[in-house]
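The first residue of the sequence shown is numbered 1, and numbering continues consecutively from there. When a ligand or atom number is given, it counts from 1 through the structure's own listing order.
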Amino acid sequence: MAVGSDKSGGNTQATNVAPLGHNEPPYRRMYNKAVSDALAAVRSEGRYRVFADIKRNLGDFPNARYFKDGETHDITVWCSNDYLSMGQHAVVVEAMHKAIDDVGAGSGGTRNISGTTHYHVELERELADLHQKEAALLFTSGFISNDATLSTLAKILPGCVMISDEMNHASMIDGIRRGGGPKRIFRHNDMDELEGILASVPLETPKIIAFESVYSMDGDFAPIAKICDLAEKYNALTYMDEVHGVGLYGPNGGGVGERDKVMDRVDIIEGTLAKAFGVMGGYIAATSELIDVVRSYASGFIFTTSLSPVLVAGILASVRHLKSSSRERDALHERADALKAALTKADLPVMPSPSHIVPILVGDPVLCKQVTDKLLDEFGIYVQPINYPTVPKGTERLRLTPGPFHSDEKIAELVSALETIWIDLKLRRAA
Ligand SMILES: *Cc1c(COP(=O)(O)O)cnc(C)c1O
């Protein structure tokens with residue numbers, strides 16, 4: 001399949017493009033070999049990633065078109081992080097149309113050099129208010145907000161010990177690593193081990209506990225109040241990734257922190273604008289001074305063009321809508337419960353998850369990919385396999401993300417397809 005040919009359907013993965021070549025200078029061989037060895041390694045571990053080439057249908061979520069071998073197939077998406085389909089909500093789409101007609105496509109600069117539009121200013125106020133903090137700061141993605149903030153805090157707090165849950169997202173791990181300071185890792189949600197680490201660091205040494213409110217691959221919650229108790233006892237700051245909580249929990253969509261009434265106890269809340277809010281971007285919310293220092297020092301904030309005002313207008317509409325409407329959230333949680341019940345009834349290995357995320361254990365990367373290939377090719381159901389390094393080896397899984405528009409019929413279709421595949425591939429039933 002050649003890159004960009006009709007057959008590839010525009011997909012970007014080259015599977016067997018001819019090597020550049022016979023008349024290349026010999027020194028190139030070592031570079032070519034390193035590249036192909038690295039690719040061979042991911043392939044041999046069964047975790048070579050193939051992106052499904054799709055187009056979502058506006059107003060018809062979760063239906064989409066799938067492009068393969070020059071043909072188009074109708075599919076149902078079961079793995080979107082646009083949890084509430086706000087990315088297709090009329091208020092969001094309209095706000096974006098309006099903005100593009102008002103100011104055009106791009107922001108035209110970094111935040112410092114002509115790229116702070118009034119949309120950005122309004123959105124930062126809105127996000128600060130959502131989390132009941134003094135201020136908020138926008139980034140071009142949630143990944144960058146974690147990476148930029150944690151690495152900056154490590155630099156302005158010399159000697160600060162970063163204390164990180166072992167299941168933290170790659171963006172936090174990268175930020176902590178780039179910060180270059182000391183770090184300690186505690187077993188997932190293990191408060192005894194966290195306390196042991198805190199107690200082993202002198203009280204006067206700065207420390208930051210970094211964790212997530214909802215862990216996106218297992219769907220479990222952090223004991224936020226307990227983490228805050230420990231932080232207070234041992235003079236630590238708290239940094240919470242609410243990426244899978246914002247928009248989905250709490251009466252205003254402020255996240256699990258809002259639901260559990262502990263938002264005010266968490267020092268820095270980080271979120272995405274790409275998942276429940278359905279658009280793109282990331283942010284942190286904290287005290288004015290803390291926001292000011294990240295704004296002033298974080299290169300991942302400073303040296304990049306700000307988000308398009310068109311996106312920001314859409315986000316603003318989405319955040320405001322979910323602040324006042326719980327309909328979408330309530331529907332999502334009801335659908336997640338219905339899906340879990342149906343899977344459990346069919347004796348499929350649903351991993352226990354108290355949240356809206358529904359993981360099904362396969363436990364092998366090759367089988368996991370076979371399951372999802374069959375779902376897509378034979379049943380028109382799109383679920384991306386979740387393999388290492390996103391999850392630990394041996395816990396490869398399907399990760400289902402039901403939304404308000406996954407009907408009972410869609411659930412029945414999915415469960416019946418999974419039952420057939422589970423029998424075909426002789427997979428384990430119990431989680
Ligand atoms: C997706 C994700 C991010 C990154 O957010 P983006 O806006 O997609 O860059 C950060 N943390 C967690 C836990 C995530 O799942």
Side-chain angles (χ1 to χ4, degrees), residues 49 51 79-84 86-87 92 120 123-124 127 130-131 136-151 153 162 164-178 185 188-189 208-222 224 227 238-249 253 255-257 266 268-285 294 298 300-301 304-308 311-312 314-315 318-319 322 353 355-359 384 386-392 395 397 399-401:
R49 293 177 168 190
F51 301 157
C79 58
S80 175
N81 276 333
D82 185 358
Y83 292 121
L84 304 174
M86 289 306 290
V92 174
H120 292 79
L123 179 58
E124 284 175 342
L127 292 167
L130 178 67
H131 295 293
L137 192 68
L138 276 174
F139 297 83
T140 47
S141 76
F143 190 104
I144 293 173
S145 60
N146 274 333
D147 180 52
T149 306
L150 287 167
S151 57
L153 291 176
M162 292 290 180
S164 174
D165 187 288
E166 68 176 344
M167 299 293 273
N168 275 345
H169 190 260
S171 52
M172 280 193 274
I173 297 170
D174 274 15
I176 291 170
R177 197 171 285 153
R178 279 201 320 109
I185 292 158
H188 180 51
N189 278 349
I208 295 177
I209 308 171
F211 63 101
E212 299 180 22
S213 63
V214 191
Y215 287 84
S216 63
M217 295 298 148
D218 289 310
D220 58 335
F221 296 109
I224 305 172
I227 292 175
T238 43
Y239 182 97
M240 180 164 79
D241 175 318
E242 269 270 27
V243 162
H244 294 274
V246 291
L248 301 175
Y249 296 87
V256 184
V266 178
I268 303 146
I269 295 176
E270 182 272 342
T272 185
L273 303 161
K275 291 170 184 172
F277 293 124
V279 189
M280 186 179 183
Y283 65 92
I284 55 168
V294 177
F301 173 81
T304 191
T305 301
S306 65
L307 282 171
S308 157
L311 298 176
V312 180
I315 301 161
S318 183
V319 173
L322 290 178
S353 152
S355 71
H356 60 284
I357 294 162
V358 184
Q384 196 64 30
I386 306 287
N387 287 346
Y388 177 83
T390 307
V391 295
T395 72
R397 67 196 66 176
R399 175 181 179 272
L400 304 174
T401 52

Practice item. Decide whether an N or O pair under 3.5 Å exists between D241 and ligand 1. Key: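 Between D241 and ligand 1, an N or O pair is found under 3.5 Å apart.
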
Check your understanding: Got an N/O contact under 3.5 Å between F143 and ligand 1?
Key ->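 F143 vs ligand 1: N/O contact under 3.5 Å present.
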
Can you tell me the protein heavy atom closest to [atom] and the distance?
| atom | value |
| --- | --- |
| atom 6 (P) of ligand 1 | G142 N, 3.4 Å |
| atom 15 (O) of ligand 1 | H244 NE2, 2.5 Å |
| atom 7 (O) of ligand 1 | T272 OG1, 2.6 Å |

Practice item. Looking only at non-hydrogen atoms, find the nearest pair between M167 and E212 and report the distance. Key: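 Minimum heavy-atom separation between M167 and E212: O-OE2, 3.7 Å.
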
**Study point:** M86 versus F277, closest heavy-atom pair with distance
**Key:**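 Heavy atoms only, the tightest pair is CB-O, 3.7 Å.
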
Practice item. Examine distances only and state if a side-chain atom of E270 and a backbone atom of Y239 form a donor-acceptor pair shorter than 3.5 Å. Key: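 Not a single qualifying donor-acceptor pair exists.
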
Review point. Does S171 reach ligand 1, in the sense of a heavy atom lying below 4.0 Å from it?
Key: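 True for this residue.
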
Exercise for review: For K275 and ligand 1, answer yes if some heavy atom of the residue is under 4.0 Å from a ligand atom, otherwise no.
Suggested key: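 It does, in that a heavy atom of K275 comes within the 4.0 Å cut-off of ligand 1.
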
**Study point:** Atom indices of ligand 1, in the order listed, that fall short of 4.0 Å to a heavy atom of N146
**Key:**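 Contacts of ligand 1 toward N146, numbered from 1: 10 (C), 11 (N).
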
Check your understanding: Do Y249 and F221 have ring centroids that are under 6.0 Å from one another?
Key ->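 Distance test on ring centres: under 6.0 Å, yes.
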
Review point. How far apart are the C-alpha atoms of R397 and T395, what are their side-chain angles, what is the distance that settles it, and do they pass the side chain to side chain donor-acceptor pair (under 3.5 Å) test?
Key: CA-CA 6 Å; R397 67 196 66 176; T395 72; 3.1 Å; yes

Point to revise | Test side-chain contact (heavy atoms from CB on, under 4.5 Å) applied to L138 and L127, step by step | key: CA-CA 9 Å; L138 276 174; L127 292 167; 4.1 Å; yes

Exercise for review: Check whether the side chains of H188 and D220 place a donor and an acceptor atom closer than 3.5 Å, and report yes or no.
Suggested key: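 Checked: H188/D220 side chains pair up, N/O donor to acceptor below 3.5 Å.
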
Practice item. Record the part of E212 in heavy-atom contact with ligand 1 below 4.0 Å; permitted values are side chain, backbone, both and neither. Key: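 Just the side chain.
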
Review point. Counting only heavy atoms, which portion of L273 has something under 4.0 Å from ligand 1: side chain, backbone, both, or neither?
Key: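 Contact part for L273 vs ligand 1: neither.
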
